[in-house]
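Working notes, beginning with the structure itself.
Along the sequence shown, residues carry numbers from 1. When a ligand or atom number is given, it counts from 1 through the structure's own listing order.
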Amino acid sequence: MCGIVGYIGPRDATPIILNGLKRLEYRGYDSAGVAILENGHIEIRRDAGKLNRLFEIVQNNPLSGKLGIGHTRWATHGEPNQRNAHPHIGATGNVVVVHNGIVENYLELRDELVFEGVHLNSETDSEIIVHLIEKFLSAGNDLLSASRKAFELLKGHHGIVVISSDEPDKIIASRIGNAGGVVIGFGEDEMLLASDMPAILDHTRRIAFLESHQIAVVTRQGAEIQTLEGKKIGYAIDTIAWDPVAAEKGEYRHFMQKEIHEQVRSVTDTISGRVDFEFGKILLPDLNLTDEFANQIEKIIIIACGTASYAAMVGKVLIESIARIPVEVDVASEFRYRDPIINERTVVMAISQSGETADTLAAMNEGKKRGATLWSIVNVIGSQAMRIADGFISMQAGPEIGVASTKAYTAPLVDQYMLAILLADLRGTITPSERSDLVSQLRRLPELVDQVLEREDDVRVIAEAIKDTQNCIYLGRGINMPTAYEGALKLKEISYIHAEGYPGGEMKHGPIALFDQDMPVVVIATQDQWYEKMISQIEQTKARGAPVIAVATDGDELIPPLADHIIWVPPTPWMLSPVITVIPLQILAYHIAALRGLDVDQPRNLAKSVTVE
Ligand code: AGP
């Protein structure tokens, strides 16, 4: 989850790199630094803290040049401080490195370097990379060969960028394994590098993606990409449609609020190009799904982390209900430990907004190793989870900057609904008229999303009423059981209130012992096949004196006399209701956190993309 930006060209690299790092703040970090080649030697500015600190340091002690690299660090080895901040410089003072990932064999490599007389300046694993490069440079290698030899020694997943004052016409970059990506930006007589696209979209939208075990030599004129073994390879340059401004907050206070309100657009976009409303058909061409394979599938295992794992739980209900294919859901970090039963008729499907979550990528690789077909539902184009899959569905939700996932939760719900229809259609599990009916239900979904978003102020009133609570329970049942989990996660991760989601039926098996006047209980009680059970849940909760916040369907008459607060949502087909019921819970969490004056977009201890295991 570290941020990397590099520049080589005719302009001053310093502001380009610093502003690029600001675009990556959402990745979460605790120190930052920049190295610039100035008048033939390398100047470094770096410190613990946020980028404002680095901007202040650079203002007080300016540096300027046409080649440079910058970094925001999320500490894994060594506490966040000036010495451990990147860039790291070698003993000669001619080579600097920024790194994303963990050198899993760094102790062994460090001991060898120390034995050879190298003096280490930090407690980081990353610093040894620059010393390894210098070791091979001193043996007569050029920067590319020395870097390659150094990288070949590293175990783990890495994104690495290197510059040297001895070879000032180039930047070396490499991606090894599943660490945060390395993207190459093609400008006018200038080139940029970054760990993620938003850092460079202000300057170019022509982007190439480094794949695992690749190394690039980037000069002002362009880039040459090789395998780590040195074989030159061709590559595509994509033109990214994302507008840099789209990644800005617009008129909203926080990215999260903006992205909550973008869900009319993102739900529309995730449907667009995939639904033929005239003939009631679903089209998912990037999945590379053949009729033959669709009919061979015996099981789908969905793997994901956090919010994405709750989307997977909804997907299980949808795919089993519509396509009648058995679905298992695994938290990605646990998947490999259960010795999963997989064969060539198994699909392992990852859901990941960033497409770079290390646990999810590791689980994908586990599935591939066991012979599964890999699918992924991802938001970031070019991400590893997209590239290593046999087929994918792009969420098409646009950049999600706020650490708390919102539109990247509702988009995969819709994507899995469409996938279920496609699979059922190919397997003959539904008739053409049933298929058309399911497809037609998508038509009104964006409008229903808009309706529930327009009720934000009503939810804000409830947020004000409960903003000081220390605990909260969320209850849901059936297809909205995952909605309870996701609603609780939203609240806990941005407001730091202890919140738990539970299947409604579980309340009497323990949690009800917690219910009293200090324990607000959010109950999802929309008018569906679980409605009566949830009404009784509300009654049992009230009997213990706990305040009830009910998510209810417009016009409901049973709930108003029972609940302390009601969040009204429009009537929605039950299979699509999780798209609607979760939005007010996103809004509730957002306003509670904002009212508590917290850093909504970058909550403490969290990162947007967890690229370490
Ligand atoms: C959700 O709000 C969190 N940001 C976190 O749980 C996130 O969903 C999880 O880390 C998975 O991220 P991914 O979708 O990028 O793989």
Q: Sort out for me which residue in Val98, Leu154, Val103 forms a side-chain contact (heavy atoms from CB on, under 4.5 Å) with Ile160.
A: Leu154
Q) Nearest protein heavy-atom contact for atom 11 (C) of ligand 1: which residue, which atom, what distance? A) Cys305 O, 3.5 Å
Q) Is Ser394 close to Arg274 at the side-chain level, that is, under 4.5 Å between some pair of heavy atoms? A) yes
**Q.** Sub-4.0 Å atoms of ligand 1 with respect to non-hydrogen atoms of Gly306
**A.** 6 (O)
Q: Could you check which of Val403, Ile377, Ile351, Leu361 puts a non-hydrogen atom nearest to atom 4 (N) of ligand 1?
A: Val403
Q: Taking all heavy atoms of Val403 and all of Pro603, pick out the closest pair and write down the distance.
A: CB-CD, 3.6 Å
Q: Could you name the option among Lys490, Gln353, Glu356 that has the heavy atom nearest to atom 14 (O) of ligand 1?
A: Gln353
Q) Just distances here: any N/O of Ser354 and N/O of ligand 1 closer than 3.5 Å? A) yes
Q. Which atoms from ligand 1 have a heavy atom of Ser405 less than 4.0 Å away?
A. 1 (C), 2 (O)
Q: Of all the heavy-atom pairs spanning Ala488 and Ala499, show the shortest one and how long it is.
A: O-CB, 3.6 Å
Q. At a 4.0 Å threshold, what atoms of ligand 1 neighbour a non-hydrogen atom of Ala404?
A. 2 (O)
Q: Say whether, by atom type as modelled, one donor and one acceptor occur between the side chain of Thr611 and the main chain of Thr357 under 3.5 angstrom.
A: no
Q. Of all residues at least two apart in sequence or in a different chain, which pass the side chain to side chain donor-acceptor pair (under 3.5 Å) check with Lys490?
A. Thr307, Glu486, Glu493
Q) Which residue supplies the protein heavy atom nearest to atom 3 (C) of ligand 1, what is that atom called, and how far is it? A) Glu493 OE1, 3.5 Å
Q.
Could you identify the single nearest non-hydrogen protein atom to atom 5 (C) of ligand 1 and state the distance to 0.1 Å?
A. Thr307 N, 4.3 Å
Q.
For Thr357, which part has a heavy atom under 4.0 Å from ligand 1: side chain, backbone, both, or neither?
A. side chain
Q) Think Arg604 forms a cation-pi with Tyr496, using NZ or CZ under 6.0 Å from the six-ring centre and within 45 degrees of its axis? A) yes
Q: Identify, for atom 10 (O) of ligand 1, the protein heavy atom at the shortest distance, and state residue, atom and that distance.
A: Val610 CG2, 4.2 Å
Q.
Looking at every heavy atom in both Gln416 and Ile377, which two are closest together, and how far apart are they?
A. CG-CD1, 3.7 Å
Q. Considering only heavy atoms of Ser352, which atoms of ligand 1 have at least one such atom less than 4.0 Å away?
A. 13 (P), 14 (O), 15 (O), 16 (O)
